[in-house]
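The structure that follows is given in the form of structure tokens.
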Amino acid sequence: MAKDSEFVVELLLECGMVSPEQVEEVRREIELMEAPDLDIVNLLIAKKYITERDITMVLAQQYGMEVVDLTHYELPEEVLRLLDKETVKKYKVIPLGVHDGIMTVAMSDPTSVDTLDALRYMLNQDVDAVIADESQIEKIIKMHYSTLGESVEGIIGDIQSEVEHIQSAGSMIGEAEVIDDESTPILRLVNKILLDAYKMKASDIHLEPLEKRYRIRYRVDGALREVDAPPKFLQANLTSRVKIMARLDITEKRIPQDGRIQFKVDDKDIDLRVSSIPTTNGESIVMRILDKASIQLDIPKLGFYSDDLEMVHRIINFPDGIFLVTGPTGSGKTTSLYAFLNSINSPSRKIITVEDPVEYQLEGINQVQVEKNVGMTFAAALRAMLRQAPNIIMVGEIRDYECASIAINAALTGHLVFSTLHTNDAPSAVTRLVDLGVKPYLVATAVRAIMAQRLMRRICNYCREEYEPTPQEKDMIGLSDEYWATHKFYHGKGCDRCHGTGYKGRVGIYEIFEITDDISKLIFANEPANVIRDEARKYGMRTLRDDALRKAEAGTSTLQEVITVTLMDEVEEE
């Protein structure tokens, strides 16, 4: 710790955050270890007498400084570039922005009186400081400044130089060549692609071979964004490098392959689910980013309003029956199911899941991975699970009659079953089960509720502003003039924090369809989905469009998102 440790200890004693006995104990340990250079403050932290945040708060109070938590602080690259890598590492400061000609920096050591003077002299501008935990500053330096300033063009230039050197030596660069040196340009380029995607909070990375160029796109908040890509001649090398990392067969280019890549960023374990498929221009690769630390297991934070939240809690605490979650790929179904299971997980309940693949490990829950090549299908896993005497079962997806039949029977014999289906709305799931071959009376008896969901982009909180909906938006929503006169709407004008899109993050919209006695009669009579939907709306079911509009009215999302995400559902209902 670079701080004046003795001064910090005096402050801690004055504030009563440590006792004289604790300080004396630590001093004696330093003497016994014959390590006079050992930092007393670090040892106090190691013995858990104080925390790093305690030190930050004491110093902030002493120097009258504002405390910032950098854990979730947004730091665009243009802000980070306000100070170069060498300055940041030397002075242990992080730039947070410039306002009215004054640069604000975060520092952990206000006892270093020369730091701000040195920055003012070097930058020729006024510098103000706030205080943050030293570990947070070190993590940002490690994560953001390791590749800051290194562009794709720069790495490609190194690659071209390397190729020229290899060619001049009489050899050639091979696409199946395995290079373990982390400093090689190809590895640096792959690492930069992965790290940039993680920093942008992308959910997917798309490496796409086109006829005359190679394209890289990140899916951020559900929308694809094209980024700087390497030249076409590097396509084979990049593909091979990714396939090697994912432990795929680099010599096989005729069939699809699936694999995984694991790496660490900022002490977080990140998994990439890798899919490779042959196309006419080469192998297209998609990598799904699975950040274990980012999965939201708290139901209220998924975007439910209080009335829907109350209904969900009641449904997931039923003793038996089936609760289905429907929606397309990428609509957040798995996240919702994990949050439900986490909410009802307790030592008194045995919970088993069967998934393909197991995306996140859940504490206290038995998770089974589907392995089709050895006969461990959804149906086979379900049969075996029932012999384990579980209270609650989650099936990753009901795909065929066999799986649906076993799930129905499990629900009818006292188990609570969670699963997913691919349908556009909640009532259509009933028709889908019947189409799979399940008898209508079994659907009516076993299914307790169905929830359809989508993800809408959130308006960026930093550039949100009120606006007047356009005539086209009003026409597409199709509501009365009185509605428009009594409601306000918002959009994002675009800023550095949202990369000019006006959106940052996503929120769920939900259509919760609970099976009542009257609706059970309609299902038993094999009535079509539109009749069941109309009856459900009479009982108060809100459609995806209704919930999306509520979130637009609250300023969470935009009317454009309402139209984009839910229009097709409304057209189909007509």
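Note that the structure is a prediction, hence the values are computed from the model and not measured.
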- prompt: Between R314 and E514, is there a salt bridge with N-O shorter than 4.0 Å?
  reply: yes
Backbone of G327 reached by a side-chain donor or acceptor of K333 within 3.5 Å: yes
message: Give me the atom names and distance for the closest heavy-atom approach of M245 to L194.
response: CE-CD1, 4.0 Å
- request: Measure the spacing between OG1 of T420 and CD of E355 and express it to the nearest 0.5 Å.
  value: 10.0 Å
- prompt: At what distance, to the nearest 0.5 angstrom, does NZ of K551 lie from CD1 of I509?
  reply: 7.5 Å
message: Please give me the minimum heavy-atom distance between S557 and I459, naming the atom from each residue.
response: O-CD1, 3.3 Å
query: Going through the distances and angles, do R542 and D307 end up as a salt bridge (Lys or Arg N to Asp or Glu O under 4.0 Å)?
result: CA-CA 11 Å; R542 271 184 294 272; D307 49 357; 2.5 Å; yes
query: Can you check whether C403's main-chain N or O pairs, donor with acceptor, with D400's side chain at less than 3.5 Å?
result: yes
- request: Step by step, work out the salt bridge (Lys or Arg N to Asp or Glu O under 4.0 Å) result for R448 and D320.
  value: CA-CA 8 Å; R448 294 282 182 262; D320 55 31; 2.7 Å; yes
message: Test side chain to side chain contact (heavy atoms under 4.5 Å, CB included) on R349 and I344; report intermediate values, then the result.
response: CA-CA 8 Å; R349 288 170 163 164; I344 58 179; 3.2 Å; yes
query: Is there side-chain contact between H491 and R464, with heavy atoms separated by less than 4.5 Å?
result: no
field: Y305 atom OH: more than 12 heavy-atom contacts under 6.0 Å
entry: yes
- request: Examine distances only and state if a side-chain atom of N409 and a backbone atom of S405 form a donor-acceptor pair shorter than 3.5 Å.
  value: yes
task: Verify, without hydrogens or angle tests, whether T239 (side chain) and Q235 (backbone) share a donor-acceptor contact under 3.5 angstrom.
output: yes
message: Do S240 and N237 pair up side chain to side chain, a donor and an acceptor below 3.5 Å, judged on atom types alone?
response: no
field: Residue pair I512 / I315, side-chain heavy-atom distance below 4.5 Å
entry: yes
task: Give a yes or no on whether a salt bridge exists between R550 and D308, defined as a side-chain N under 4.0 angstrom from a carboxylate O.
output: yes
Min side-chain heavy-atom separation N526-K439 under 4.5 Å: no
- request: Run the salt-bridge test on R260 and D271 with the 4.0 Å N-O cut-off and return the result as yes or no.
  value: yes
task: Could you walk me through whether L341 and N345 pass the side chain to side chain contact (heavy atoms under 4.5 Å, CB included) test, one step at a time?
output: CA-CA 6 Å; L341 292 179; N345 185 19; 5.9 Å; no
task: Before giving the answer on side chain to side chain contact (heavy atoms under 4.5 Å, CB included), spell out for F524 and T445 the whole-Å C-alpha distance, their side-chain angles and the decisive distance to 0.1 Å.
output: CA-CA 9 Å; F524 187 86; T445 306; over 6 Å; no
Short side-chain to backbone donor-acceptor contact, T566 and V562, under 3.5 Å: yes
- prompt: Just checking, is any N or O donor in the side chain of D133 or S135 under 3.5 Å from an acceptor N or O on the other one?
  reply: no
field: CG (D517) with more than 12 external heavy atoms under 6.0 Å
entry: no
Distance-minimising heavy-atom pair for L433 and A404: CD2-CB, 4.4 Å
task: Report the residue from F340, F318, F513 that forms a ring-ring contact (aromatic ring centres under 6.0 Å, His included) with F323.
output: F340
query: With no hydrogens and no angle check, is any side-chain donor or acceptor of K243 less than 3.5 Å from a backbone partner on D249?
result: yes
- prompt: Would E535 and R533 pass as an ion pair if we require N to O under 4.0 Å?
  reply: no
message: If you compare all heavy atoms of S284 against all heavy atoms of P209, which two are closest, and at what distance to 0.1 Å?
response: CA-CD, 3.7 Å
message: Regarding Y483 and E553, do their side chains bring together a donor and an acceptor under 3.5 Å, going by distance alone?
response: yes
message: So, taking the atom named CE in M287 and the one named CZ in R219, what distance separates them when rounded to the nearest 0.5 Å?
response: 14.0 Å
query: Between L549 and L479, is any pair of side-chain heavy atoms under 4.5 Å apart?
result: yes
field: Donor-acceptor contact present, side-chain Y218 to main-chain A223, <3.5 Å
entry: no
- request: Give a yes-or-no answer on whether the side chains of Y338 and T353 include a donor-acceptor pair shorter than 3.5 Å.
  value: no
- prompt: Counting only heavy atoms not in E310, do more than 12 fall under 6.0 Å of its CD?
  reply: no
- request: Output yes when a side-chain donor or acceptor of D221 lies under 3.5 Å from a complementary backbone atom of R457, and no otherwise.
  value: no
task: May I ask you to decide if V395's main-chain N or O and S419's side chain share a donor-acceptor pair within less than 3.5 Å?
output: yes
- prompt: Any side-chain donor-acceptor pair under 3.5 Å between D546 and T543?
  reply: yes
message: Evaluate I523 against I532 for side chain to side chain contact (heavy atoms under 4.5 Å, CB included), listing each step before the verdict.
response: CA-CA 7 Å; I523 297 172; I532 296 172; 4.0 Å; yes
message: Checking side-chain polar atoms at under 3.5 Å, does E511 have a donor or acceptor matched by the opposite partner on Q453?
response: no
- prompt: Minimum heavy-atom separation for A410 to I393, with atom names?
  reply: CB-CD1, 4.3 Å
query: Would you call R217-E208 a salt bridge at under 4.0 Å N-O?
result: yes
- request: Hey, could you give me the CD1/CD1 distance between I352 and I365, rounded to the nearest 0.5 Å?
  value: 11.0 Å
field: More than 12 heavy atoms of other groups within 6.0 Å of R215 CZ
entry: yes
- request: Ignoring hydrogens and angles, tell me if any N or O in the side chain of E397 forms a donor-acceptor pair with the backbone of H422 under 3.5 Å.
  value: no
- request: Could you check if a side-chain atom of I322 sits within less than 4.5 angstrom of a side-chain atom of I408, using non-hydrogen atoms only?
  value: yes
field: L522 side, atom CG; E527 side, atom CD - distance, nearest 0.5 Å
entry: 5.5 Å
task: Using a 4.5 Å cut-off on heavy atoms from C-beta on, say whether the side chain of T326 contacts that of D425.
output: no
Distance in Å, D547 CG paired with M456 CE, rounded so as to fall on 0.5 Å steps: 8.5 Å
message: Under the criterion side-chain hydrogen bond (donor to acceptor under 3.5 Å, both in side chains), I'd like the reasoning laid out for S276 against Q257: C-alpha separation, chi angles, the key distance, then a yes or no.
response: CA-CA 5 Å; S276 171; Q257 296 186 69; 5.4 Å; no
field: Side-chain ion pair, D204 and R273, N-O less than 4.0 Å
entry: no
task: Verify whether one side chain among Q136 and D69 offers a donor that lies under 3.5 Å from an acceptor in the other.
output: yes
message: Measuring only between side-chain heavy atoms, which start at C-beta, is N366 closer than 4.5 Å to I351?
response: no
- prompt: If you look at every heavy atom in C463 and C498, which pair is closest and at what distance?
  reply: SG-SG, 3.8 Å
field: side-chain contact (heavy atoms from CB on, under 4.5 Å) partner of Y198, the single match among I270, L272, I205
entry: I270
task: Decide yes or no for L238 and L207: does some side-chain heavy atom of the first lie under 4.5 Å from some side-chain heavy atom of the second?
output: no
